[in-house]
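In what follows, every chain begins at residue 1, and chains take the letters A, B, ... in the order their sequences are listed.
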Amino acid sequence: MTSPAEHRLLLDGESVSFREGETLFELARRHGDAVPSLCFDDRLEPLGACRLCVVEVEGQARPVASCTTQAADGMVVRTMTEALERHRKALCDLVVSENPAGATIDPLRGSASQELAALAVRYEADGGRFAGARSGASRTDDPNPMILRDYDHCISCYRCVRVCSEQQGDDAITVGGRGFATRITTEFEGPLADSACTFCGQCVQTCPTGALADRRALRHADAPGELAATRSVCPYCGVGCSLDILTKGERIVGVQPAFDGPANEGALCVKGQFAWEWVQHPDRLATPLVREDGELVEASWDEALDRAADGFREAARAHGREAVYAVASGRAPHESAYTIQKLVRTCFQSNHVDNCSRA
Amino acid sequence: MGPSDSDLIDRWRGAPAPLLGLLHAFHDRDGHLSDEALRAVAEGLRVPLADLYGTVSFYHHFSRKSGGRDAPRVCDGPVCKQRGSDVLLAELEGATPMPCAGRCDEPIPVLRGGQVLVGTPGEGLRAAPTPLPPPNPAEGEECCFAHVREEGRSTLAGYGGAYRALARARELGPEALLEELDASGLAGRGGAGFPTARKWRAVREAPGGPKTVVCNADEGEPGCFKDRVLMDHDPHAVLEGMAVAAAATGATRGFVYLRYEYPHTQTVLERAIDEARDELDDFEVCVRRGAGAYICGEETSLLNSLEGAHPFPRNRPPFPVTHGFEQTPTVVNNVETLASVPPIVERGADWYAGLGLGEQRGTKIISLSGDVRRPGNYEVPLGFPLHQLLFDWAGGPEDGRELQAVTMAGLSGGFLGPDDFAATLDEPCLRSRGSFLGAGGVMVFDDRRDMVDVARQAMAFFADESCGKCFPCRIGTQRLTERLAGTAGPTAPDAWRKEVHAIGETMAQVSACGLGIAAPLITESLLRLFPERVDEALARR
Ligand SMILES: Cc1cc2nc3c(=O)[nH]c(=O)nc-3n(C[C@H](O)[C@H](O)[C@H](O)COP(=O)(O)O)c2cc1C
Ligand code: SF4
Ligand code: SF4
Ligand code: SF4
């Protein structure tokens with residue numbers, strides 16, 4: 001077999017090679033990453049909606065959207081001409097004019113929430129140029145505790161609708177109406193809880209404006225401290241989705257999916273995405289408790305561990321080592337899960353160990 | 001009692017392109033689309049309910065309110081506006097406006113339920129047949145209209161009893177047929193002017209199938225009403241054109257995508273299809289009615305609409321010739337393009353090409369309306385002088401009036417002024433003047449008309465009809481409308497012009513489809529032709 005001929009084209013004056021099927025946007029991103037976009041998400045079919053990624057291709061009457069144009073042999077492509085940058089600035093001014101608050105958005109809203117804000121800075125768009133009617137209306141009437149539907153900020157990029165359909169397969173939300181009046185909605189305009197939504201949060205994490213936002217995380221918007229992210233793996237089930245735990249100081253303030261997570265590529269489910277607040281919940285036990293005459297009373301760790309060891313020892317003596325069976329909680333850290341299986345296997349010499357979220 | 005939900009679903013579930021048909025069946029039965037109807041349709045066709053809801057909300061004419069289907073809709077297109085559509089709207093209880101309904105040579109059309117009536121303020125409504133084109137003023141030779149005025153032409157018997165061009169096409173075989181068509185110079189009459197033979201050849205050579213022929217009868221461009229005349233008075237010419245396209249490309253199924261505002265035409269077409277079963281042989285043709293959306297005339301949006309998907313235009317490439325209806329190779333042609341085919345096949349390429357003037361080949365129907373004495377559809381030789389059409393053929397303005405502007409390509413070509421009346425009606429000439437012929441709608445405005453306001457109405461139309469897919473058009477049409485109306489934007493003339501040019505330039509350059517690309521021709525031509533009118537309007541703000 002002969003190796004496939006190398007494909008080449010001229011990108012901003014430089015001869016570059018490309019893979020079969022690669023789009024001009026992907027190619028440009030590999031070479032400098034300066035072509036902007038607002039409707040692009042690697043995981044989704046390109047839509048060609050925002051037109052920010054337009055490039056000039058010699059022989060074409062007008063600039064083309066690079067996200068929907070496949071690279072072809074011998075193309076002559078320019079990505080940064082004065083005219084292109086002028087159109088990009090005009091597009092940016094237009095889109096900020098329908099959403100002037102987009103420039104200041106709390107990063108806790110979602111992973112992609114700063115995309116519009118960053119472009120507004122790059123193109124010095126403040127909403128003054130091309131001012132006019134605003135689009136979108138926030139759904140303050142949707143009481144669900146997880147997803148804020150703050151459509152005042154919506155720029156109709158349809159990433160949310162596409163991720164819900166293409167990635168999540170839930171088809172819970174849709175594009176209603178048309179033109180400047182398009183809106184993101186469920187069937188019959190109802191709340192998310194009455195729709196097919198599974199609260200996976202995918203729409204939140206792909207929204208480039210923060211119009212869809214993580215309500216739980218936003219409760220910590222005013223908490224003191226620098227926002228930091230720690231890479232981890234979701235403990236809830238065996239898929240092993242990578243995620244970033246967001247913290248301010250000692251406090252967990254949110255979870256965002258890892259887009260480079262090999263198992264999930266940015267996906268999470270409702271548990272991984274939204275079920276983290278119990279970590280710092282006031283109802284959690286802060287000291288060990290032991291039972292005295294049927295009543296739970298506070299005890300030292302030494303005392304509690306001794307009591308537990310006695311109980312297990314007695315059970316194993318009376319009924320055999322196989323009588324002990326451990327189920328680790330999906331809410332416990334990985335280290336605890338590891339330790340419990342070590343305990344069961346070495347101390348009780350049995351395989352009777354499982355995890356609540358293994359299914 | 002009408003049919004039950006499951007009757008309707010069973011009727012449509014296995015049919016080609018079922019969604020629009022099924023939605024119309026519920027809409028007609030109930031007078032609106034209820035929540036229950038949408039649930040039943042979603043379940044019956046196994047489509048996500050939210051998706052269906054969004055798609056239904058895209059169309060003007062699907063009503064979600066009880067009785068909504070039968071509430072009157074009054075055309076408020078540019079020409080009907082001149083004739084007092086605002087007054088008629090106020091006269092009719094529960095009436096709402098609808099964009100140009102394609103009857104600009106008649107009194108104001110009012111769509112009520114499954115019927116279109118026409119009326120004038122103070123005179124009530126009446127049913128009226130589609131007017132025939134006026135006799136050709138030059139007694140010149142015509143292609144599409146050659147027989148349209150003949151009594152009974154809409155029946156197969158009146159059509160000559162058989163599809164003779166189709167028989168000849170089959171005799172010639174695809175290769176010779178395509179060569180003939182190519183030599184005739186026939187190009188698309190729906191707007192883009194793409195050479196028809198090249199389109200058909202691409203479909204013929206494309207792998208995969210079954211191949212499809214779609215007749216684009218959406219005729220949504222304001223000021224265009226030519227396709228309806230052809231379909232109402234010469235439906236067999238259109239069907240035969242489709243069948244010849246099928247013979248040339250190997251297509252086995254066909255659709256006529258008909259705009260909602262032409263309910264009577266559906267009856268005419270379906271009767272003609274029934275009559276022509278034997279002629280059509282195993283080429284299956286169905287009529288599918290749109291539901292009120294100008295963008296569904298754009299061919300890829302039309303295909304999405306047929307398929308029941310959200311009617312955003314598709315990204316191209318791939319083009320419909322390889323990835324059209326259900327991703328199979330598809331011919332999409334305008335009604336007039338298809339109706340031109342049988343005479344070309346029967347009388348030959350040289351005959352058709354010879355009908356044009358100078359370098360131009362063939363003819364074009366112009367829908368002429370507005371401030372002229374004799375509005376109507378005129379089939380002109382390509383290359384025909386605009387001045388001659390306006391003044392000799394259509395009689396010019398009323399006494400004491402002067403023409404100040406005409407639109408081109410319906411609204412999409414913007415305005416031409418008196419200095420442009422020397423132009424000839426063909427793409428090279430009109431493009432050199434910054435406009436284009438497109439589908440051939442020409443609306444005429446005399447010196448009574450406020451051109452800034454006409455431009456505002458035009459831009460408001462584009463804003464209402466923008467599908468909302470791409471930023472430059474979705475936001476740009478809105479911003480330009482606001483600037484023309486004076487509800488936002490600068491009032492200082494220089495600043496105003498700068499903004500309007502900047503928005504328009506970006507729309508024209510980077511919009512995703514023809515709507516957003518063409519819309520700024522309105523503002524650009526307004527500024528070119530009527531700079532003082534714009535200054536006066538700004539001074540009043
Ligand atoms: C916004 C828009 C609306 C259009 N509306 C129509 C229409 O109503 N009828 C039509 O035939 N073509 C319409 N077209 C052109 C079609 O996309 C397509 O070019 C045409 O149907 C091809 O047929 P033809 O080659 O026979 O002209 C429209 C195009 C655009 C961009
Ligand atoms: S949370 Fe998930 S299921 Fe719900 S709308 Fe968003 S993407 Fe769809
Ligand atoms: S809510 Fe966000 S992701 Fe969805 S369309 Fe609006 S801006 Fe885009
Ligand atoms: S140009 Fe307008 S109508 Fe066309 S795709 Fe863009 S938004 Fe839709």
Side-chain angles (χ1 to χ4, degrees), chain A residues 38-39 45-52 54 61-65 67-70 83-84 86-95 97-98 129-133 135 155-158 161 164-165 170-189 195-197, chain B residues 35 38-39 42 47-60 64 293 295 310-317 462-483 487-490 498-499 502-512 516-517:
Chain A
L38 280 171
C39 66
E45 281 294 311
L47 181 66
C50 74
R51 314 307 283 178
L52 281 155
V54 285
R62 277 180 284 272
V64 299
C67 68
T68 59
T69 307
Q70 291 204 349
L84 289 174
R86 188 171 70 246
H87 295 314
R88 289 174 187 150
K89 165 142 179 68
L91 290 168
C92 206
D93 282 327
L94 282 170
V95 80
S97 78
E98 65 168 343
R129 191 173 176 226
F130 306 152
S135 67
I155 58 170
S156 302
C157 69
Y158 312 130
V161 175
C164 187
S165 172
D170 283 336
D171 296 295
I173 48 177
T174 184
V175 182
R178 60 157 91 146
F180 198 67
T182 49
R183 61 192 186 279
I184 305 304
T185 181
T186 60
E187 68 265 23
F188 313 128
E189 316 288 330
S195 77
C197 175
Chain B
D35 291 3
L38 293 190
R39 285 183 205 283
V47 293
L49 181 56
D51 245 28
L52 178 68
Y53 175 82
T55 301
V56 163
S57 73
F58 188 91
Y59 297 100
H60 283 304
R64 297 257 304 124
I295 194 60
H310 202 82
F312 282 161
R314 299 176 182 173
N315 297 312
R316 284 156 300 178
F462 288 125
D464 282 344
E465 298 296 335
S466 165
C467 77
K469 172 179 166 176
C470 76
F471 288 18
C473 169
R474 177 177 61 80
I475 314 171
T477 51
Q478 168 75 20
R479 292 292 177 258
L480 289 181
T481 307
E482 292 164 349
R483 272 140 192 80
T487 52
K498 229 169 122 182
E499 273 207 9
I503 296 169
E505 193 212 2
T506 292
M507 286 172 68
Q509 285 296 307
V510 307
S511 288
I517 292 169

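Between chain B and the residues A/Thr182, A/Leu47, A/Thr186, the most heavy-atom pairs under 4.5 angstrom are made by A/Leu47. When the candidates A/Ser97, A/Pro46, A/Gly176, A/Ser195 are compared by the number of heavy-atom contacts under 4.5 Å with chain B, A/Ser97 comes out ahead. Of the residues considered (B/Ala50, B/Cys470, B/Ala42, B/Pro48), B/Ala50 shows the highest number of contacts with chain A, using heavy-atom pairs under 4.5 Å. Options B/Ser511, B/Gly476, B/Cys473 differ in how many heavy-atom pairs under 4.5 Å they form with chain A, and the most are formed by B/Ser511. Ranked by heavy-atom pairs shorter than 4.5 Å toward chain B, the options A/Ala83, A/Ser156, A/Ala61 are led by A/Ser156. Heavy-atom pairs under 4.5 Å with chain B were tallied for A/Ala131, A/Ala196, A/Ala90; the largest tally goes to A/Ala131.
Residues satisfying the side-chain contact (heavy atoms from CB on, under 4.5 Å) criterion with B/Ala463, sequence neighbours excluded, are B/Thr477, B/Thr481. When the ring-ring contact (aromatic ring centres under 6.0 Å, His included) test is applied to B/Tyr53, the partners found at least two apart in sequence or on another chain are A/Phe188.
Taking both residues in full, the closest heavy atoms of B/Ala512 and A/Gly48 are given as CB-O, 4.4 Å, listed atom of the first, atom of the second, then distance. Heavy atoms only, all atoms of each residue included: A/Ala49 and B/Pro472 are closest at O-CD, 4.3 Å. For the pair B/Gly54 and A/Thr174, the tightest heavy-atom approach, listed with the atom from each and the gap, is CA-OG1, 3.6 Å. Listed here is the closest heavy atom pair of B/Ala502 and A/Phe130: CB-CZ, 4.1 Å. The two residues B/Val510 and A/Arg51 make their nearest non-hydrogen contact at O-NE, 2.7 Å. Considering every non-hydrogen atom in both B/His310 and A/Val175, the closest pair reads CE1-O, 3.3 Å.
With a 4.5 Å cut-off on non-hydrogen atoms, B/Ala508 touches chain A through its backbone but not through its side chain. Proximity to chain A is limited to the side chain of B/Ile517, based on heavy atoms less than 4.5 angstrom apart. Heavy atoms closer than 4.5 Å to chain B are found in the backbone of A/Ile173, but not in its side chain. Looking at A/Ala65, there are no atoms closer than 4.5 Å to chain B (heavy atoms on both sides), in backbone or side chain. Residue A/Gln70 does not touch chain B at all, counting heavy-atom pairs closer than 4.5 Å. Neither the backbone nor the side chain of B/Arg316 comes within contact range of chain A; no heavy atoms are under 4.5 Å apart. For B/Asp35, the parts sitting under 4.5 Å from any heavy atom of chain A are the backbone and the side chain alike. The contact between B/Tyr59 and chain A is made entirely by backbone atoms, counting heavy-atom distances below 4.5 Å. The part of B/Arg483 that comes within reach of chain A is its side chain, from C-beta onward, which places non-hydrogen atoms under 4.5 angstrom from that chain.
Cation-pi geometry between A/Arg178 and B/Phe58 is met: the NZ or CZ atom falls under 6.0 Å from the ring centre, inside 45° of the normal.
For the pair A/Leu94/B/Phe471, no side-chain contact is recorded, criterion being any heavy-atom separation below 4.5 Å from C-beta on. Annotation: side chain of B/Leu38 is not in contact with side chain of A/Glu187 (no heavy-atom distance under 4.5 Å). Looking at A/Arg88 and B/Thr506, their side chains never come closer than 4.5 Å, going by heavy atoms from C-beta outward. A/Glu98 has its side chain out of reach of B/Gln478: every pair of non-hydrogen atoms, C-beta onward, lies at least 4.5 Å apart.
B/Lys469 NZ to A/Cys39 SG: the interatomic distance, rounded to the nearest 0.5 Å, is 9.0 Å. Interatomic distance, CD of B/Gln509 versus NE2 of A/His87, reported as 4.5 Å (0.5 Å rounding). A/Arg129 CZ to B/Lys498 NZ: the interatomic distance, rounded to the nearest 0.5 Å, is 8.0 Å. With values rounded to the nearest 0.5 angstrom, A/Leu91 atom CG is found 11.0 Å from B/Ile503 atom CD1. Here the CZ atom belonging to B/Arg314 is positioned 14.5 Å from the OG1 atom belonging to A/Thr68, to the nearest 0.5 angstrom.
The backbone N or O of A/Ala133 sits less than 3.5 Å from a side-chain atom of B/Glu482, completing a donor-acceptor pair. Under the 3.5 Å distance criterion, the side-chain polar atoms of B/Arg474 are matched with a main-chain donor or acceptor of A/Ile155. For the pair B/Ser57 (side chain) and A/Gly177 (backbone), a donor-acceptor distance under 3.5 Å is present.
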